[in-house]
Each structure stands twice: as C-alpha cells, then as structure tokens.
Amino acid sequence: MDISLQQVSYAYAKDTPFEKRALYDVDLLIPSGSYQAIIGHTGSGKSTVLQHLNALLKPTEGVIRIGSTVVEAGKKNKKLRELRQKVGIVFQFPEHQLFDETVLKDIMFGPMNFGVPEEEARQRAIELVRLLGLPEEVMEKSPFDLSGGQMRRVAIAGVLAMNPEVLVLDEPTAGLDPRGRKEIMELFYRLHQEKGLTTVLVTHSMEDAARYADRIAIMHNGKCVLQGLPMEIFSDEDRLLDYRLELPQSIKFQKKIEEMMNEKLPTLCLTEETLAEELARLLKKEREV
Amino acid sequence: MLEKMIFGRYIPGDSFIHRLDARAKLIFVFLFIMVVFIANNWITYGILLLFTFLIIRLSKIRLYFLINGLKPVVFLIIFTFLLHLFFTREGPIIFDWKFITIYEEGLKQGIFISIRFTVLVVLTSILTLTTTPISITDALEILLNPLKKWKLPVHELALMMSISLRFIPTLMDETDKIMKAQMARGSDMTTGSMKERMNAIVPLLIPLFVSAFKRAEDLATAMEVRGYKGGEGRTRYRKLEWVTRDTLIILSLVVLAAILVYLRN
Amino acid sequence: MKREVISLQEVTFTYAEEDTSVRPAIQSMSYTINEGEWVAIVGHNGSGKSTLARLMNGLLFPQTGTVRVFGEPLNEHNLWDTRSKMGMVFQNPDNQFVGATVQDDVAFALENNGIPFEEMVERVQASLVKVKMNDFMNSEPHHLSGGQKQRVAIAGAIALQPRILLLDEATSMLDPQGREEVLQTVRQLRAETDLTVISITHDLEEALLADRVIVMNQGEKYAEGSPQEIFERGQELIDLGLDLPFAMNMSRLLRAQGVQIVADHMSEEELVNDLWTSHFNK
C-alpha cells in the first residue's frame, strides 16, 4: 500500500482560543514495502504525522491516500475501520494499552475486534508469543505481572496480531535497556524483510534511522523539510544542524578519520560495520602501495 | 470536544481582575450569587447585566472566548427559558396559536431567569479564567482554616485538590493516548448499542486506572523522599496579599446590593 | 582522606519474604561511596538497581546487612534527617512533579522542612538559576519538555542543599536532547560544588561520566572499577545486556576485520590516534 500525504495541515483544538497548529502543508510519499524513517526534534510534528497514517487524526486541510482509502479534510469516510486493520501502530510505551486478564486475550483483542474468529486469533497470539521470544508460560498470566520488557513485547504482539500491511512505530524502544532495544529493532527489521511490511519508524535515534531505513523524512516545526535516501540526508551535516539534528555516530567518526588521513572513503558509512569494512579495505590498500 | 470547554481553565493575563487576591475573588463570587437574587424587575436585571459587563471589561477577556465557553450550558439556559415561557400562566396573553399560549409574565420570568443564569456562569467563569488553580486552592485553604477546629483536614484537602488539578492535563493526555491506541486496535467507542459501547470502555478504563495508580504510587514516593510528612511544621511558599483593590471589589458588591434593594419592586 | 557518605555491608533484600524460591532482588551487596564521588550503578532492566536506590534512602530496609549513611546505620529515627541530605530524582518526569508550577515544585521540599519564607524565595530562585530554568518560574508542568521537567526535579532536590544527589534512571525516559540537558546540568553542579552523585542508569554516556562504575547483575555486584576498567571487559558486558562505548565497539569491529589496533579504546580520539600512528606514521 502506497501512502501519500498531500498538502496536509493539522491544528489541535481548531476554532477555540487554545488552537495550536501542528502541521503545515506536509507532503510525504511512502512507497509500498519501504522502510521509512521520520526524524525530527521533539515537538517537530512527527508524532502528529504518524497519527494521520491510520486516521486517528484527520487532516484539517489536505488529502491522505493510504492504498485505496482516501481521507480528506472535512469529509466523512466510512472505511476507517478497514484502514485501521491494515495499518498497525505501535505507540510510544505501548505497554500502557494492556488491559485484559491474560496475555493471550490481550493479544487477541485486536484481531477479534476486526472479526477474526476466536480460534484463529488464539493461534496467531500463540505464534506471536513465540516469535517475540516470550516464555511460553506467560500466555495465561496477567500482563500486569510481567517485567517491563515483556509487557512491551506483549503490546507489540497485540498490534502484529491484526496482520497489518503497514507497521507504524513511534519510538518503539524508548526506556528499554541496550539489549532490549537491539532485539526489538532487529525483530521489526526481520518482519519488514520477511513479510514485506511497509514500515514507518518515528525515532530520535539517527543510528537507527541510518541502519534500518531506506528512506528518511525530516520534520521541523510542523513541516516536512527534507526527504530522501539516507545517503542523501546524511551527506549534508550543516543542513541537519539547522534542524537541530546530528549525524549518526558512524558518519561522525568517518569524518574524523577522513580528516586525519586527508582522504575520503568511497561511500558514506551508515553503520559501524560498513565503516569497519571500508576502513579495513582502505588500510590494506595503503599497505600494499 | 473537551478542548472547547473553557470552564475551569486559566488564561494568563495582567488585568485588574487577574491581579485581585484569590480570596477576594472567591468571596466576591460567593456574595454575588446571593446579590443576584435581589433583582426582580427590568431595571434591576438591567443593572446586573451592566455590572457583569463591567467586570468582563475589567478582566480583559475577549467576549468571544466567553460566548464560546458558554456553549455547553446554552442548552440549559434555553431549557429553563422555555420552561418558564410555557408554564407560567399569569398576566395577559401575548401569543396564542393552536395549543401554544404564552403569557406576559412567562416571557418576563423566562428572560429574568436566563439573565440570572448567564451572569452567574459568566462571573464564575471569570473567576477561574483569571485565577490560577493553585491560587484558588490556597485561598480556599486560608478561608477554610477556621474549620480546622472542627477537625476538618483543611491542609490535606487543599493539597489533594492542588495535586488533582496539577494532574488533570496529564491524565487527559493519557486518556487520549490510550483511547487512540485501542482505536488503532479496532476498538470502537463511538458507535454500536449502549452495551457495546460500555464494553468498549473497559479497554480504556483499565489501563487508565493502572496508570493512575502507578502515578499515585510514584508521586507518594517522590513526596516522601522530599520530606513530606503532613501539614505539621510546614512553611508556605505561596503568600496571598490583600490590598486596597481587593477591599474595593467587595465594596462594589455592597454598593450594587444597595442599589438593587432600592430599585427592586 | 575522603569521608564515606554511603556504605552497604552484605545487604540482602527480597520483596517476597515468605517465598524462599524467589531470588532476592538484592543479594549480599557491599560497597562504599565517598564524599564528592560520582558513582554510576549500571545494569540491565530488572538487575535490581532501582531496589538499590530505595535501600539507600530508606524507602526500603534490608532483611539482612546494614546500610550506613554518613557513618550511621540508617533507621527510622534518622530517616527524615538523612532524606533532607539526599536529593533524589526519579525516572518518570511527570510523576514527581508535585507543585502546580515550576517554582511551587522547587519549593515543595523546603516547605516540608519548615524553611522560613524569605529564605525559601532565595533558595528557589538560586536553585532554578543553577539548572537554568529561572525563565520558567511560573510554567506549568504540561508545558515543559521531559528534559526541562527533570531539570526542575534536580532544582527541587538541590534546593535543600543536600550532600548527595541520587539519580534513579533520571534520563531513561528522555529524548537525546533532554538527556544531554540533564547530564550537562549534573556536570555543571559537580564543577561548582562537591556534591556526591550516584546515578543509576543503563545509559552508557552517563556511566562514562562517572568516576567509578558498579555493574549489577541479577541482584549481585558483578564488577566495580573505573569506567576504563569496566568497559575493558568488552563481551562480558554485552552478555549482561549492556552496551559498549562507540569507540570500543569500533575497535572491536576493526580488529575483527584484521586491522591492527593496540587496545580497545574508550574515546574516539584515542582510536583515531592509534590508527594514525600504527598505519600512517611509519
């Protein structure tokens, strides 16, 4: 499902003394099957954009197309429920949405709302508990008896259980420790690749954006100010600084090394691993000369 | 929908009314509620409206804000108006068509009651719009202080109130967030039968309670760590100051009351 | 000779006193923290590090072993006095903001301790200046960012002029900028006073700022030493669910690619220099 936002504006509490504009004329195109990162400073409007992707918020101006569904300012659309099944959102701190008696029931909540038969929903839930690396014995436990990291996984399973075609992630690893962070990010990447999920990641981490995304958009003061391939986005440091963003650590380090050696590496290294490879190759060449 | 409500919200400003001592404003609203009942004819109700208008001007709050904020209670005002219009059967008939008969007294009473209602809502709104919730709480704590003698836990009540006020925006955000998270999982709280809707509220309420309890627990810990052990031996950071303008505003009410008594039937 | 401010001896604590099959949250922990030190206590989520924070300021008492604060065993009698000398900042910026506005919140601990009005006004002002939040005196919490709220929490903690500042995962819910703001504030405070800082964290950058690092695993002390000594353990830390500083990761990756490096470096500068001397400066 291609997703496109055309000239989308949004204002909170429109037509009241407390009106607050959050988005201005946002244009954004997310091709089907891509991994799109949206980066930007806190308050830049990236979370507001995200809530438009399954019509939790409707634009006050402009048009959003998600697959064949059109959400237009000021018009009613009866197909929002279908849309919500196809676009799953993992909110920040998703464990705050857990409520049911048992882990399985909570995971089954989404699919059953969309009319999936109970037995099938249960089957999906059991598979997801395994996929997310949760121990089998948690299935019949109350989600509130789990550790923070486990609760996060159950909540994520609850979104995946709807079998969405698009997965929208809002800072999915906030508050987790380094290992938890890595495991969750790798899991989403695997799902993206294996199931061809269109993935939209809203993040503060330049490293995650550089490592996983194949397209990046930058939000700043409610506007989408830049979009393109990671290589393009991260090639212009000054521009990033204008938006109060930094380069990923690997590229920062690459620049230091390039300065020292007075020589450029052939490519921008988006991850530490590629940087190590490129450096090793270069050093070998130097030695052979 | 909730974001359109202005009742109970504070609009920062520096007007004459903003600068009044919160105690003066509380006493003012309290007395005003009684004064309103003195009015009983066109001239006295007219004066009430004029007085209210004067206070609005002094608060420098835009009329548009107030009218917008009145929307939620407009229905109530219209309802009471109609009630009096149709059910008061006194004085000459001024309108008669099929089964609808309207008497002069009914129209008059309807208008009076609507004015009374409106000025009360407007003035109370002005109190909350121009006073920070914390000042209102402080003022209440001080005004109620004498009741401590009768074992009323005034300090605890005031603290409870100020913490509740402090957490309203936080919990509203939280409600919004959880509601959206469940809507994204296909929960539908806006359509369906009454029973379906009640069921759809459970996934909202449980996480909200869980989170509220967690917050309460965290807050209690934080308060304990920061040395809170009840009202005993505490000093106050907030000081309220009663100055001439505060006496003046109360006096203006007394004058208003006197005029109304003189001019009423 | 540095004076000890906090010391734990063979402290064991369990949340389930009846049930011996549950492993204790803290198991025979011993360590000493001296005046003016910055100690980071690190561990993955669930390693028991937050329980440790609660034991240090008497929110919990151990079943066995003793907690000594300023040389005296912590008990119900000196509890409040101890707390007034130990400022604490928690994880969730929202759930520790008691006051209706910034200045009210900073004043809260002062009010509790019966500080006279005039002095209170001065201290609130001074504390807010220290954390650079003095322009936000009258702001309400929901208009502040997470980083700003945590700075207010720090101001509230230092307003009582404590000798210890205990940060219990104070940066873990913040965005990178908020984290930077908070760490910058703590660094600044340390430069100006001889405040003892104990930071409980899984953030690497925060651990690197410390003089000493204590690594927790499953309720026990796993290792203790300078950041350098700790991070030299490399893979062991990764196995514990922690991370390594960027330069150290880079060193390991380069070595895996067959690049010769003298050591696993803590800082990027060291690594750059090493690469320079060993490969270009021959």
Side-chain angles (χ1 to χ4, degrees), chain B residues 3 9-14 18 22 131-139 141 155 158-174 176-177 211-241, chain C residues 50 53-54 56-60 79-101 103-125 138-144 149 153 156-157 159-160 162 166 168:
Chain B
E3 60 204 11
R9 292 178 82 159
Y10 170 69
I11 298 182
D14 195 33
H18 276 90
T131 322
T132 57
I134 185 75
S135 309
I136 297 182
T137 318
D138 278 337
E141 185 175 353
H155 163 76
L159 186 76
M160 253 165 63
M161 195 170 134
S162 97
I163 288 178
S164 321
L165 287 169
R166 135 87 187 87
F167 272 93
I168 286 174
T170 312
L171 289 176
M172 296 259 275
D173 283 354
E174 181 107 6
D176 184 62
K177 213 192 96 175
S211 131
F213 279 120
K214 168 94 179 92
R215 285 184 196 280
E217 202 185 321
D218 282 3
L219 192 71
T221 310
M223 285 171 66
E224 198 182 329
V225 163
R226 289 161 79 181
Y228 180 76
K229 32 185 195 279
E232 255 345 80
R234 266 186 119 231
T235 41
R236 296 180 62 92
Y237 179 68
R238 287 266 165 188
K239 280 230 162 105
L240 295 172
E241 247 178 303
Chain C
S50 275
R54 283 155 189 263
M56 283 191 274
N57 71 356
L59 285 167
L60 298 173
L79 189 60
W80 294 103
D81 186 46
T82 305
R83 282 183 188 158
S84 73
K85 290 179 193 149
M86 197 185 310
M88 191 163 173
V89 179
F90 295 90
Q91 180 180 28
N92 190 322
D94 268 312
N95 298 0
Q96 55 186 315
F97 206 112
V98 186
T101 69
Q103 52 175 331
D104 289 294
D105 190 61
V106 176
F108 184 70
L110 300 174
E111 292 180 311
N112 293 335
N113 281 278
I115 309 290
F117 178 75
E118 281 74 24
E119 197 183 334
M120 206 150 36
V121 174
E122 270 169 40
R123 286 216 209 167
V124 167
Q125 181 66 32
N138 290 311
S139 299
E140 291 169 27
H142 58 280
H143 293 137
L144 301 177
K149 276 182 241 186
L160 261 187
L166 185 51
D168 184 6

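Sequence lines set the chain letters: A, B, ... in the order given, protein chains first and strands last, and positions in each chain run from 1.
- Contacts of C:Thr82 with chain B are absent, with no heavy-atom separation under 4.5 Å from either backbone or side chain.
- The neighbour count for B:Lys229 NZ, taken as heavy atoms of other residues, nucleotides or ligands under 6.0 Å away, is above 12.
- Under a cut-off of 6.0 angstrom, the local environment of CD in C:Glu119 is crowded, with over 12 non-hydrogen atoms contributed by other residues, nucleotides or ligands.
- The residues C:Arg83 and B:Glu224 are annotated as salt-bridged, a charged nitrogen and a carboxylate oxygen being separated by less than 4.0 angstrom.
- Here C:Leu60 pairs with C:Phe13, C:Tyr15, C:Thr51, C:Arg54, C:Leu55 under the side chain to side chain contact (heavy atoms under 4.5 Å, CB included) rule; sequence neighbours left out.
- Closest non-hydrogen pair, C:Phe117 versus B:Tyr237, comes out as CE1-O, 3.0 Å.
- Between C:Glu111 and B:Arg234, the shortest heavy-atom contact is OE1-NH2, 3.0 Å.
- In this structure the side chain of B:Leu219 never reaches within 4.5 angstrom of the side chain of C:Phe97, judged on heavy atoms.
- Heavy atoms of C:Val89 lying under 4.5 Å from chain B are absent altogether.
- Judged purely by atom type and a 3.5 angstrom limit, B:Thr235 uses its side chain to pair as donor or acceptor with the backbone of C:Ile115.
- The nearest pair of heavy atoms linking C:Gly99 to B:Arg166 is O-CD, 3.4 Å.
- A distance-only check finds a donor-acceptor pair linking the side chain of C:Asn112 to the backbone of B:Arg226 [under 3.5 Å].
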